[in-house]
Enquirer: 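After the structure tokens below, expect a handful of questions from me.
Predicted model only: the values in this text are computed from it and were never measured.
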Amino acid sequence: GEKEGESFDSIRPIEIRHDGKGLVYTAQRDGQWFLVQGEKKGPALEHVGGPVYGADGATVSYMGEQGGSWSVILGERKGAYFDEVTSPRFLPGRKEVAYCAVKGEKGYVIVGEQGSEAYDEVGGLAVGADGRVAYWARQNKAYFIVSSGRKGPEFDAVEPPIFAADGKTVFYGARKGRALWWKRSPE
């Protein structure tokens, strides 16, 4: 049967568990936001967003903001604080997430608890079927793809990377001057 849950002023997008037997959503009451998973309500935060279920159907990760700083929460564990974070992406077969983050003037990609080197800008995070991670980064005026921690060749612009079905090969668009290419890594 149906059971009435706790009352809130507002709720935001619902994420349904892979098997359809659970859901998670963000809810607001009296100016505070919470992540609600089933009947369990997370800690009160100023903002909450981007909830996602892990492959196990029990672990949830989301973004939370308190006092002007954002962190990614995995289960009940808060990650490092940043000025901005993107929605987390679970790594297949693991209870770890990857996400992009900004602190001051620098961008980072966080995989599990490990951060990338500092770049001027990062984005386009892609996760392969085997848990490999690829993203674009900018340092000064040069754009490049970072795949499995290795920096690729520099271009004037790159498109976000896409993993092939093998989970190892990364494809991306690149431009240098007026020349456009579709690139593959590893080549």
Side-chain angles (χ1 to χ4, degrees), residues 5-116 118-119 121-138 146 159-163 167 170:
E6 192 171 338
S7 177
F8 295 102
D9 298 334
S10 175
I11 64 169
R12 287 203 183 144
I14 295 173
E15 175 77 16
I16 299 173
R17 200 165 79 182
H18 309 301
D19 63 6
K21 295 181 180 179
L23 59 91
V24 64
Y25 57 93
T26 59
Q28 187 258 347
R29 182 175 51 227
D30 299 326
Q32 294 290 303
W33 284 91
F34 308 87
L35 179 90
V36 181
Q37 182 179 4
E39 295 179 19
K40 183 179 174 187
K41 181 175 74 175
L45 297 166
E46 291 174 17
H47 293 97
V48 174
V52 291
Y53 271 104
D56 66 1
T59 307
V60 173
S61 185
Y62 60 102
M63 307 176 301
E65 188 245 347
Q66 192 70 32
S69 293
W70 287 85
S71 69
V72 168
I73 297 115
L74 176 60
E76 295 182 13
R77 192 178 69 226
K78 279 187 185 177
Y81 286 94
F82 295 95
D83 298 331
E84 298 174 37
V85 294
T86 61
S87 293
R89 307 233 2 229
F90 271 93
L91 303 177
R94 298 191 274 187
K95 290 184 181 180
E96 291 184 307
V97 294
Y99 57 96
C100 298
V102 174
K103 190 167 205 149
E105 297 294 318
K106 295 295 180 180
Y108 305 85
V109 172
I110 311 301
V111 179
E113 294 184 10
Q114 299 296 313
S116 69
Y119 298 107
E121 190 176 9
V122 296
L125 180 66
V127 177
D130 67 352
R132 293 175 196 238
V133 172
Y135 53 94
W136 62 260
R138 180 180 63 80
V146 178
E159 292 294 318
I162 301 168
F163 276 95
V170 175

Enquirer: Which pair of non-hydrogen atoms, one from Ser87 and one from Met63, has the smallest distance, and what is that distance?
Expert: N-SD, 3.4 Å
Enquirer: Give me the atom names and distance for the closest heavy-atom approach of Ser71 to Ala80.
Expert: CB-O, 3.3 Å
Enquirer: Taking all non-hydrogen atoms of both residues into account, name the closest pair between Pro92 and Gly131 and its distance.
Expert: CD-CA, 3.7 Å
Enquirer: In the structure I gave you, are the side-chain heavy atoms of Val72 and Val97 within less than 4.5 Å of one another anywhere?
Expert: yes
Enquirer: If you look only at pairs with a residue in residues 27-39, which of them pass as a salt bridge (Lys or Arg N to Asp or Glu O under 4.0 Å), with sequence neighbours excluded?
Expert: Lys3-Glu39, Glu6-Arg29
Enquirer: What I'd like to find out is whether the side chain of Trp70 reaches to under 4.5 Å of the side chain of His47, using heavy atoms alone.
Expert: yes
Enquirer: Could you check Tyr99 against Phe82 for side-chain contact (heavy atoms from CB on, under 4.5 Å), going step by step and ending with a plain yes or no?
Expert: CA-CA 12 Å; Tyr99 57 96; Phe82 295 95; 4.0 Å; yes
Enquirer: For Leu35, does its backbone N or O pair with a side-chain atom of Thr26 as donor and acceptor, under 3.5 Å?
Expert: no
Enquirer: To the nearest 0.5 Å, what is the distance between CD1 (Ile110) and CD (Gln114)?
Expert: 9.0 Å
Enquirer: Test Tyr62 against Val24 for side-chain contact (heavy atoms from CB on, under 4.5 Å), laying out the working first.
Expert: CA-CA 10 Å; Tyr62 60 102; Val24 64; over 6 Å; no
Enquirer: Could you report the tightest heavy-atom contact between Gly123 and Cys100, atom names first, then the distance?
Expert: CA-SG, 4.1 Å
Enquirer: Sort and list the pairs that fulfil salt bridge (Lys or Arg N to Asp or Glu O under 4.0 Å) and have at least one residue in residues 102-111, not counting sequence neighbours.
Expert: Lys106-Asp120
Enquirer: Could you tell me how the ring of Phe34 sits relative to the ring of Phe8: parallel (under 30°), tilted (30 to 60°) or perpendicular (over 60°)?
Expert: tilted
Enquirer: Could you go step by step and tell me if Leu45 and Ile73 meet the side-chain contact (heavy atoms from CB on, under 4.5 Å) rule?
Expert: CA-CA 12 Å; Leu45 297 166; Ile73 297 115; 4.2 Å; yes
Enquirer: Apply side-chain contact (heavy atoms from CB on, under 4.5 Å) to Glu96 and list each qualifying residue two or more places apart in sequence or on a separate chain.
Expert: Leu91, Arg94
Enquirer: Could you tell me which non-hydrogen atom of Glu15 sits nearest to which non-hydrogen atom of Tyr53, and how far apart they are?
Expert: O-CE1, 3.5 Å
Enquirer: What pair of heavy atoms forms the shortest contact from Phe90 to Val52, and how long is it?
Expert: CE1-O, 3.5 Å
Enquirer: Mark yes when over 12 heavy atoms from residues, nucleotides or ligands other than His18 sit less than 6.0 Å from its NE2; otherwise mark no.
Expert: yes
Enquirer: Nearest 0.5 Å, what's the NZ-CG distance between Lys95 and Asp56?
Expert: 4.5 Å
Enquirer: Enter the distance from Tyr135:OH to Glu121:CD here, rounded to the nearest 0.5 Å.
Expert: 13.0 Å
Enquirer: Do the side chain of Ser10 and the main chain of Gln28 share a donor and acceptor less than 3.5 angstrom apart?
Expert: no
Enquirer: For the pair Gln37 (side chain) and Ala58 (backbone), establish whether a donor and an acceptor sit closer than 3.5 Å, ignoring hydrogens and angles.
Expert: yes
